[in-house]
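Please read the structure below before turning to the comments.
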Amino acid sequence: MAVPGEPCVGQEVWNQTEPEPAATSLLSLCFLRTAGVWVPPMYLWVLGPIYLLFIHHHGRGYLRMSPLFKAKMVLGFALMVLCTSSVAVALWKIQQGKPEAPEFLIHPTVWLTTMSFAVFLIHTERKKGVQSSGVLFGYWLLCFVLPATSAAQQASRGGFQSDPVRHLSTCLCLSLVVAQFVLSCLADQPPFFPKDPQQSNPCPEAGASFPSKAMFWWVSGLVWRGYRKPLRPKDLWSLGHENSSEELVSRLEKEWIKIRSATRRHPKATAFERKGGGGMEAPETEPFLRQEGSQWGPLLRAIWQVFHSTFLLGTLSLIISDVFRFTVPKLLSLFLEFIGDPKPPAWKGYLLAVLMFLSACLQTLFEQQNMYQLKVLQMRLRSAITGLVYRKVLALSSGSRKASAVGDVVNLVSVDVQRVTESVLYLNGLWLPLVWIVVCFVYLWQLLGPSALMAIAVFLSLLPLNFFITKKRNHHQEEQMRQKDSRARLTSSILRNSRTIKFHGWEGAFLDRVLGIRGRELGALRTSGLLFSVSLVSFQVSTFLVALVVFAVHTLVAENAMDAEKAFVTLTVLNILNKAQAFLPFSIHSLVQARVSFDRLVSFLCLEEVDPGAVNSCPSGSSAGKDCITIHSATFTWSQESSPCLHRINLTVPQGCLLAVVGPVGAGKSSLLSALLGELSKVEGFMSIKGSVAYMPQEAWVQNTSVVENVCFGQELEPVWLERVLEACALRPDVDSFPAGVHTSVGEQGMHLSGGQKQRLSLARAVYRKAAVYLLDDPLAALDAHVGQHVFSQVIGPGGLLQGTTRILVTHALHILPQVDWIVVLADGAIAEMGSYQELLHKKGALMSLLDQAGQPGDSGEGETEPGTSTKDPRDSSAGRRPELRPERSIKSVPEKDHTASEAQTGVPLDDPDRAAPPTGKDSAQYGRVKAAVHLAYLRAVGTPLCLYALFLFLCQQVASFCRGYWLSLWADDPIVGGQQTQAALRGGIFGLLGCLQAIGLFASMAAVLLGGVRASRLLFQRLLWDVVRSPISFFERTPIGNLLNRFSKETDTVDVDIPDKLRSLLMYAFGLLEVSLVVAVTTPLAIVAILPLFLLYAGFQSLYVVSSCQLRRLESASYSSVCSHMAETFQGSTVVRAFRTQGPFVAQNNARVDESQRISFPRLVADRWLAANVELLGNGLVFAAATCAVLSKAHLSAGLVGFSVSAALQVTQTLQWVVRNWTDLENSIVSVERMQDYAWTPKEAPWRLPTCSPQPPWPHGGQIEFRDFGLRYRPELPLAVQGVSFKIHAGEKVGIVGRTGAGKSSLACGLLRLQEAAEGGIWIDGVPIAHVGLHTLRSRITIIPQDPILFPGSLRMNLDLLEEHSDEAIWAALETVQLKALVASLPGQLQYKCADRGEDLSVGQKQLLCLARALLRKTQILILDEATAAVDLGTELQMQAALGSWFAQCTVLLIAHRLRSVMDCARVLVMDKGQVAESGSPAQLLAQKGLFYRLAQESGLV
């Protein structure tokens, strides 16, 4: 309401011809009164309609009429009555003929209408569910502050005595406004019927008051809880629907599809446009992206369309913040003008101090709101892009999967997505600093005149340098990312194939390869960092050069004097300029990284996808005998670029038919199943399948969930059907032996299961599906004879559970062929012949050749032996044994299980979830603050001399900075003689010298921190790699791959980039803080009274915050491991997921994991803002204290000293805030060092090499092996897997080892290679106890060919001769022996052909033959074949036996039997049973005994 007084007339107010100080004109009573009357109504009438429109479209329900609402309405009507009375009194006086100024009628009328509008807003807010209003908060604040200021001034002049009634009315009005303001600080009750569903632990932001939202006080409860006790995931708030992955990904995907469709020159009907069309195809089977025209532009536009509102709101907050940022120098100029003029009253000085304080506070609040909005945008963008990547993983074609390894995908979601989202903070940094620079130049022009033009020339002259540096950094950044990808791919392969590497003692060779790539990566990082330091220093130098040139021209050329106002206001403006010029390189640096990462993301998202039109699917409704599968003249290829792998396939399969597909290794059997699944690109022809499909891959893939969830695989649980499936698949005895039955977790990659159990579990998953078509890829390969017969008869065969369904069976078990309906023989990617068994026998064609190669007549054969990689035989006690010898860790990466993912699992309701076994391998999270030992570990990695040197350099450059500022103050205080300063040249020269010294010191100090960071990164990575590689095999079985990959990707990236960056910033701001504190304390000692309490409050805030923040950081990192693991798991199992059409449930699982990670990220995000806002508000108090002290001591201080003190105090606010922030960020980042050291204290293997007692290279010269009372267990708490084994194998003897599943066959090989140390007894080779031999020495003298053939990413030659010990001629000879010479010669590059990860571009049989060639080259005195022929056909097995017989004729051979026929020519056979040697002797002797060996031979059809 208007404050009464005399109208604003008279010459002294409006006369512009008389010079008058700016402070006098801006702080005149008339100006304040006018502002107090018109600013609040203008504010509400401008923002009110916009606010009404917003809440109309974003209603949250309605609020009940609470006491708070009623009080607001009563006060509002009271104010309306008061304004009405003021209008009535003014009208009455006019009617009475008394003279009355128009303002006394106009002002109350304006306030009456505005108050009415405010009451209407209060009512509307209640109807729309607004609990606290920011618009009305600002309105009541303005209504109180501005009129109260002018009223107080007039009261001090005695103006109230002239019209006491009007003044009492004014006081009453202000009292009511204060009451309304207080009520606006409170929040109302939540909506009665909220539109959003209720959450278990909702975020308190929605119900917080406006001041609480503005200063983030609503976070205080969580921060205090974290300070008092460790935070757990259950303590954190639920994630709002607007931040959920389901909402965000769908919006971004929809927008991207729309933009891509609009940008196509020739619109085509895509699968997206066909959504909702006919057919039973699920939407998830449609392609996520198409290759044509894919660029990063459409994705960028889609991101803008979805998220632009949040970004623009944050940008608006930033612009408003910058308005107040530039208000401060102007107020400082007015304040120094006030100090230099003794006439103005003291209240103007105090008012200017208050205005500077308020401007700084408003700058803080708006800046933090900008940060909050952009951080929320980062979080949402991370969810959306991660969701896109995951959906792309589900749609990748086979060719694209070969081009992208698991490590690449993990890098995408852990590093590249992070960098892209972080760039959001720096987008405004491309243009806003330029605006700052322009405004700064305007200020400089006002202060220094034309001399400021020189600043433009100095600044522009340095721009080409920075553009050149940016271009060079871009190149090195791309090189670093390429090396990072190579390292990630190789590291991932090492971790997944650790068993193979340990079998052969290759750890050292792979360490050298990884560290070589790591060295090149860090070299690129070091060069990029040094260029960044040059860029940053160049901007710092440009600021100094601007000051030097402008001051020199102003004093020496223009011959003007330098006074205090010019010096220190210019200094304040240059500090803003300094921030602008520092922000610009940070922005460019971040956006350069983001551009590289964004290009990588887009390249991945535009990879080729499976073609949903390759297979015509339709619902099953045909009667038996009708064609279920039809392939007509179809040719298929793995990718568009590769040659066809299947040629002119013509095949018709009637419904209910059991069709067997046979052929030699590499004939295309698995490719045919892939084609039926739509995994291959169809070049020509037609293919259709009627009905749903279930698929069992050749390499079993299981999830890290319970047995029942693996079997049900997202379908509803049917207990009766589940029991039938488990019984038919021979899983019931195994499940009964598990500690929690069907609810037992199978572990990562099925680590708790044997190879045969995983294969049967994979089969059970397919059988449970009740599909119309079953595609089974060699399901009997990993099963022993009696289990194989059981599974075939109960599941696959004519009388099995699948009778009546269409079954396509790829198999090497030729003995079952008489029982199938139809046989297809493949050779070289084409159908050689097909027909019934008897027809093909009469033809004497390709099938007969296969039978002849296998050495069996048409009606004989044998089953296959399950590899001895199983838990204890289920008939034994339920404690269970560990596997005798695990196969290679499966390529499938399964995430660690957590409760959130379990709840989100869209699978079956479990009968007895309480019995479920606890999750295994969950990533650990420590609690509390990071220990000092972790900081010391990092500093020791940097090196003590380098640490001290960096501190010394930072101190030197800060001393130079202090001297430069102090020298400028002396320059400003020099006496003026004849309009000039006599020592201007000397002052300018020394000022320039000090600035140059500071620039040199700054670059040297930043380079020292960078080089120290690179050194620490190298050492910490080496230690992590060493700790992991030196761990025993049990460590890899127990630790989820996702956890390890997270250490080698995200945590390593944090140590590489974030820690040096935070440490450099912390040192810069900490030394800057010391300088500013010294300046303020020396110039205005009274300010020390305010500095000390502020320091204590800062320390309190930091202590309160750091504990919670670090714990949230740990929780976030641990939860993100789950996201990475699930991504890797899905990447490896995407074929199975697509085959079962379960993309939807898997997407839901991914959404749940990402949401859980974001649920932890959000509290850390707002806790950061809570700290920044409150700490800066405290720091702004120092500005007020310094200015108030200056007003109090005005008589004793010069304007120069006051300017020096206040300008320094303006710096200390953000400086101190950044010290706290950077310290906290550093402690958050140092958690990565802590996590990289997690495995430093885990148990390690025995030494690789022993300096003493190590046998010389001729050992073993004969190859005699002796087991003496040997016993072995896999974990201390488990019973012995092998016990009391004693026997001797003579030099050159060939010994077969056979037995049922879990008998302990492979445990003997495990003990011989010391993958598990002996629990009792020992093993001697040529009289030397192997416990006295180094592991590498032992393993390098023994050759093993394991069941799972593993190839590593790299050249074919590297895979065959990793240690580069053989010539090309020797390698070709070995390839010729295994009959692969022609195949390798046909490959591009031949021996230099680049193998895909795990050799996925070759068949399993071809990989096994390559592993055989590797063994031939290695040729040692002892050879172990551990189920080496499980994945090859019988003919190939005979080839392998012949090759081994010629190359290893004089060697000791241990043959762990896969097919019993293969041990019949051994000199001796050991029959294992329950961990002991049950029988021993020649095959003929054992058959004559008619014991266990005889029974096994009967089951195999040999007798």
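Residues take their numbers from the sequence shown, with the count starting at 1.
Remark: the Ser1157 side chain and the Arg1153 side chain contain no N/O donor-acceptor pair separated by less than 3.5 Å. Looking only at atom types and distance, the side chain of Thr1130 has a donor-acceptor partner in the side chain of Tyr390 under 3.5 Å away. A side-chain donor-acceptor contact under 3.5 Å links Thr1343 and Thr1420. Residues Asp1058 and Ser1229 bring no donor and acceptor atom of their side chains to less than 3.5 Å of each other.
The heavy-atom pair separating Ile1033 from Leu1315 by the smallest distance is CG2-O, 3.7 Å. Closest heavy-atom contact between Asn411 and Ser1049: OD1-CB, 3.7 Å. Residues Ala933 and Arg940 approach most closely at O-NH2, 4.4 Å, considering heavy atoms. Scanning all heavy atoms of the two residues, the minimum distance from Ser1108 to Gly226 falls at OG-CA, 3.1 Å. Between Leu1019 and Ala941, the shortest heavy-atom distance links the atoms CD1-O, 3.3 Å. Across all non-hydrogen atoms, the minimal contact from Thr1242 to Ser1031 is OG1-OG, 3.9 Å.
For the side chain to side chain contact (heavy atoms under 4.5 Å, CB included) criterion with Arg1047, the lone passing option out of Thr1052, Asp1027, Leu1024 is Leu1024.
Formation of a donor-acceptor pair under 3.5 Å by the Arg1339 side chain with backbone atoms of Leu1313 is found in this model. Distance alone, capped at 3.5 Å, places no donor-acceptor pair between the Arg487 side chain and the Glu521 backbone. Remark: side-chain polar atoms of Ser1340 are paired, donor with acceptor, to backbone N or O of Thr1337 under 3.5 angstrom. Checking side-chain atoms of Asp1061 against main-chain N and O of Val1057 turns up no donor-acceptor pair under 3.5 Å. A donor-acceptor contact shorter than 3.5 Å links the side chain of Thr744 to the backbone of Ala740. Between the side chain of Asp235 and the main chain of Arg232, a donor-acceptor pair closer than 3.5 Å is present.
Taking the six-membered ring where tryptophan is involved, the planes of Trp1223 and His935 are essentially parallel, since the angle between them stays under 30° and well short of 60°.
Tyr938 OH to Gln1237 CD: the interatomic distance, rounded to the nearest 0.5 Å, is 12.0 Å. Rounded to the nearest 0.5 Å, atoms OG1 (Thr386) and CD (Gln418) are 9.0 Å apart. Between Leu1351 atom CG and Cys1411 atom SG the span is 5.5 Å, to the nearest 0.5 Å. Summarising the geometry, atom CZ belonging to Phe503 is positioned 10.0 Å from atom OG belonging to Ser498; distances are rounded to the nearest 0.5 Å. For the atom pair CZ (Arg1235) and CD1 (Ile1230), the distance works out to 14.0 Å, reported to the nearest 0.5 Å. Put simply, CG on Leu1308 and CG on Leu1454 are 8.0 Å apart, with the number rounded to the nearest 0.5 Å.
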From CA spacing to verdict: side-chain hydrogen bond (donor to acceptor under 3.5 Å, both in side chains), Asp734, Gln757: CA-CA 8 Å; Asp734 302 278; Gln757 286 170 335; 2.6 Å; yes
Residues Gln1022, Leu515; criterion side-chain contact (heavy atoms from CB on, under 4.5 Å); working and verdict: CA-CA 7 Å; Gln1022 284 179 354; Leu515 293 178; 3.6 Å; yes
Trace of the side-chain contact (heavy atoms from CB on, under 4.5 Å) decision for Thr944 with Leu939: CA-CA 7 Å; Thr944 305; Leu939 294 178; over 6 Å; no
side-chain contact (heavy atoms from CB on, under 4.5 Å) between His743 and Val707, worked out: CA-CA 6 Å; His743 302 284; Val707 173; over 6 Å; no
Steps toward side-chain contact (heavy atoms from CB on, under 4.5 Å) verdict (Leu1338, Ile1325): CA-CA 10 Å; Leu1338 172 67; Ile1325 298 179; 4.0 Å; yes
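Taking Asp1053 as the reference, Arg419, Lys484 meet the salt bridge (charged side-chain N to carboxylate O under 4.0 Å, His left out) condition, with sequence neighbours excluded.
Using a 4.5 Å cut-off on side-chain heavy atoms (C-beta onward), Phe1048 and Leu495 make contact. A 4.5 Å side-chain heavy-atom check between Ser745 and Ser706 finds every atom pair outside the cut-off. A 4.5 Å side-chain heavy-atom check between Phe1035 and Leu1044 finds at least one atom pair inside the cut-off. With contacts defined as side-chain heavy-atom distances shorter than 4.5 Å, the pair Phe1267/Trp1324 does not qualify. Taking 4.5 Å as the limit, some side-chain heavy atom of Ile501 sits within range of a side-chain heavy atom of Phe1352. The shortest side-chain heavy-atom distance between Val746 and Thr705 does not fall under the 4.5 Å cut-off. Here the side chains of Asn704 and Glu709 are not in contact, with every heavy-atom distance at 4.5 Å or above. Side chains of Ile1422 and Ile1265 form a contact here, defined as non-hydrogen atoms less than 4.5 Å apart.
Ion pairing of Arg1159 with Glu1156 is present here, as a side-chain N (NZ or NE/NH1/NH2) and a carboxylate O approach within less than 4.0 Å.
Residue pairs meeting the side-chain hydrogen bond (donor to acceptor under 3.5 Å, both in side chains) criterion with at least one partner in residues 1012-1021, sequence neighbours excluded, are Ser1017-Asp1056. Pairs engaging residues 504-514 under the side-chain hydrogen bond (donor to acceptor under 3.5 Å, both in side chains) rule: Lys502-Glu507, Glu507-His1336 [sequence neighbours left out].
Because its NZ or CZ atom is not both nearer than 6.0 Å to the ring centre of Phe1036 and within 45° of the ring axis, Arg499 does not count as a cation-pi partner of that residue.
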